[in-house]
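A quick write-up on the structure given underneath.
Note that the structure is predicted; figures quoted are calculated from it, not measured. Each residue takes its place number in the sequence, starting with 1.
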Amino acid sequence: MAYKDEKLNEEKVFKDPVHRYVHIRDRVIWDLVGAPEFQRLRRIKQLGTSYLTFHGAEHSRFNHSLGVYEIVRRIIHNFEDRPNWDPNERLLCLCAALLHDLGHGPFSHSFEKVFKLDHEDFTQEILLGDTTINAILNRVENGFPKKVADVINKTYHNKLVVSLISSQIDADRMDYLQRDAYFTGVSYGHFDMERILRVMRPMEDQVVIKESGMHAVEDYIMSRYQMYWQVYFHPVTRSAEVILSKILHRAKELHETGYEFSLKPTHFLSFFKEKPTLKEYLELDEAVAMYYFQIWINEEDPILSDLCERFVNRRLFKYIEFNPNLQMSEWMELYRLFNKAGLNPDYYLVVDSSSDLPYDFYRPGEEEERLPIHLLMPNQELKELSRQSEIVESISGKKRTDHKLYFPLDRLEEMSNRSKTKKRILEILYG
């Protein structure tokens with residue numbers, strides 16, 4: 001029997017808190033789960049620094065990747081024998097779903113910004129490079145790793161396949177909303193996924209939703225909206241991210257100026273040069289990063305030491321609402337006053353902005369074209385969701401942005417009460 005058709009002697013199941021069970025029968029999928037590049041995802045948190053805000057948010061990219069695979073497996077099961085569905089794409093969809101987050105690094109987005117990296121590039125490298133994952137995919141058929149990479153990269157010719165893991169209503173979002181809600185303990189991320197899966201229909205270039213399932217989709221979009229503002233952009237989580245990114249900036253700056261670390265930061269050296277090899281990238285996970293942060297608490301550099309102690313022991317920066325576009329003169333004065341107070345403003349005075357677009361209709365020519373969600377009407381006509389739903393129409397195309405200013409209030413409070421600098425800083429910050 002060909003490897004791609006090989007089944008396990010008996011179905012393997014993972015007990016899952018969100019989907020109850022994740023079912024695996026294909027030998028290819030089972031082998032991929034056991035590959036070291038996939039097992040590494042156990043050591044990368046799904047929600048980065050959110051565990052410092054929501055103490056249950058310790059789940060990993062491994063959990064999430066299995067969840068996305070399971071949702072796609074269920075969707076494909078429902079698509080069997082339907083027009084527009086090609087059963088030959090089944091294994092490709094399952095592999096792409098399982099492996100879509102393969103390239104995520106420690107604390108994901110903070111690392112990427114500081115070191116100018118993109119996890120999607122590393123996903124492609126793992127799929128196409130000299131890895132166990134690549135060897136397994138190559139056994140399926142020649143060129144199969146490239147097909148999987150194209151689906152994840154959204155360049156595969158069959159757009160229906162791409163839409164299963166990358167669209168405005170895809171298996172990726174449906175898993176992380178429910179999983180993140182479960183582990184953070186909030187109620188916002190819950191929606192009727194079983195209903196959505198039942199009303200999904202394959203069309204030539206994307207999945208559409210039967211019109212009778214519109215209310216379940218409204219619920220899904222509103223849960224996404226709430227999760228972004230209540231969980232993903234939580235100001236305490238953002239405070240931790242600010243400190244994390246400043247730790248990495250400081251370590252990089254110290255390295256570039258010839259500073260002698262008490263323990264050579266071997267795992268970071270290629271990142272400081274912004275050119276890690278795939279091997280070096282895969283060797284730096286969150287456990288390794290946290291080890292360095294704990295070691296750096298005892299460094300002689302006071303800024304690196306202080307920032308690491310704050311991150312490890314959760315002594316985070318305080319914050320206020322602050323729009324730099326409207327408060328530029330206050331920002332400049334604060335920058336000068338922080339310098340005067342002996343607090344390096346490059347590390348201790350940080351504006352952080354978050355923005356999200358909960359749902360968008362189609363805008364051709366945009367940098368990132370978002371295919372809208374289409375409803376399949378009883379007469380087989382397709383209608384864009386926001387034209388039918390007043391709830392979705394009310395938030396469509398509306399980008400919400402939020403600005404915060406982060407600073408170490410404890411350091412300001414330690415200053416003498418007679419200090420004019422302290423008085424003026426607190427006056428600007430709190431009015």
Side-chain angles (χ1 to χ4, degrees), residues 40 42-53 55 57-58 60-61 104-117 119 122 236-277 279-319 338-339 341-352 406-414:
R40 166 186 162 273
R42 292 180 185 272
R43 306 189 298 278
I44 306 288
K45 285 192 186 69
Q46 171 69 10
L47 284 184
T49 60
S50 290
Y51 71 98
L52 292 168
T53 308
H55 65 268
E58 298 273 354
S60 68
R61 297 261 170 201
H104 272 286
F107 304 108
S108 295
H109 305 296
S110 300
F111 255 67
E112 290 183 32
K113 280 183 198 165
V114 174
F115 298 128
K116 300 181 176 64
L117 305 169
H119 70 270
F122 283 97
V236 175
T237 300
R238 284 163 59 191
S239 177
E241 280 183 11
V242 162
I243 293 174
L244 173 63
S245 66
K246 292 302 176 185
I247 288 172
L248 301 174
H249 275 297
R250 186 62 177 176
K252 183 171 184 279
E253 185 185 338
L254 290 172
H255 171 74
E256 286 167 353
T257 55
Y259 177 85
E260 285 284 329
F261 288 86
S262 57
L263 173 73
K264 189 177 179 183
T266 309
H267 293 80
F268 280 95
L269 296 178
S270 60
F271 287 83
F272 292 155
K273 293 174 189 160
E274 293 170 10
K275 284 186 178 173
T277 63
K279 182 174 181 290
E280 289 164 332
Y281 186 82
L282 293 174
E283 284 174 353
L284 183 59
D285 57 36
E286 284 174 21
V288 175
M290 285 300 290
Y291 169 73
Y292 279 101
F293 297 165
Q294 285 181 264
I295 294 291
W296 289 345
I297 290 174
N298 298 312
E299 278 296 341
E300 286 185 13
D301 179 72
I303 293 176
L304 183 63
S305 170
D306 177 61
L307 293 173
C308 286
E309 191 277 328
R310 286 177 181 278
F311 188 75
V312 170
N313 295 322
R314 200 192 175 278
R315 286 199 313 110
L316 306 178
F317 290 169
K318 298 300 181 189
Y319 57 89
F338 266 60
N339 259 325
L343 287 169
N344 186 329
D346 292 338
Y347 292 97
Y348 290 105
L349 189 67
V350 185
V351 173
D352 182 68
Y406 291 87
F407 53 90
L409 181 60
D410 55 329
R411 293 285 292 273
L412 298 174
E413 288 173 340
E414 286 168 5

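In this structure the side chain of F338 reaches within 4.5 angstrom of the side chain of P408, judged on heavy atoms. Looking at V236 and E241, their side chains never come closer than 4.5 Å, going by heavy atoms from C-beta outward. Side-chain contact between L304 and H249 is absent, with no heavy atoms from C-beta onward closer than 4.5 Å. Side-chain contact between Y347 and D306 is absent, with no heavy atoms from C-beta onward closer than 4.5 Å. For the pair S108/H119, no side-chain contact is recorded, criterion being any heavy-atom separation below 4.5 Å from C-beta on. In this structure, the side chains of H255 and L269 come closer than 4.5 Å at one or more pairs of heavy atoms. F261 places none of its side-chain heavy atoms less than 4.5 Å from the side chain of T266.
Remark: R238 fails to qualify as a cation-pi partner of Y406 under the 6.0 Å distance and 45° angle criteria applied to the six-membered ring. Figure legend: K252 and F115 shown without cation-pi pairing, the cationic atom not lying both under 6.0 angstrom from the six-membered ring centre and within 45 degrees of its axis.
Checked by atom type, the side-chain pair S262/E299 shows a donor-acceptor distance below 3.5 Å. Between the side chains of S270 and E280, at least one donor N or O sits under 3.5 Å from an acceptor N or O. No hydrogens or angles considered: a donor-acceptor pair under 3.5 Å links the side chains of T237 and T53.
Among all heavy-atom pairs drawn from E300 and Y259, the shortest one is N-OH, 3.2 Å. Nearest heavy atoms, L316 versus I243: CA-CD1, 3.8 Å. Between S110 and L248, the shortest heavy-atom contact is O-CD1, 4.4 Å. The heavy-atom pair separating P345 from N339 by the smallest distance is CD-OD1, 3.2 Å. Of all heavy-atom pairs between G105 and I44, the closest is O-CG2, 3.4 Å. Of all non-hydrogen atoms in A57 and L47, the two that sit nearest each other are CB-CD1, 4.2 Å.
The backbone N or O of D346 lies less than 3.5 Å from a partner atom in the side chain of N344, making a donor-acceptor pair.
Put simply, CG on L409 and NZ on K318 are 7.0 Å apart, with the number rounded to the nearest 0.5 Å. The structure places CZ of R40 at 10.0 Å from CZ of R61, a figure rounded to the nearest 0.5 Å. Between the CG atom in L343 and the CG atom in L412 there is a gap of 6.0 Å [rounded to 0.5 Å]. In this structure, C308 SG and I247 CD1 are separated by 4.0 Å, a value rounded to the nearest 0.5 Å. Put simply, CZ on R315 and CZ on R411 are 9.0 Å apart, with the number rounded to the nearest 0.5 Å.
Within the structure, side-chain hydrogen bond (donor to acceptor under 3.5 Å, both in side chains) pairs that include any residue of residues 286-297 comprise H267-Y292 (at least two apart or interchain).
Taking the charged nitrogens against the carboxylate oxygens, K45 and D285 have no contact shorter than 4.0 Å, which rules out a salt bridge.
You'll find the ring centres of F407 and F317 outside the 6.0 Å limit.
By the neighbour-count criterion of 12 heavy atoms within 6.0 Å, atom CD of E256 is densely surrounded, having more than that number from other residues, nucleotides or ligands.
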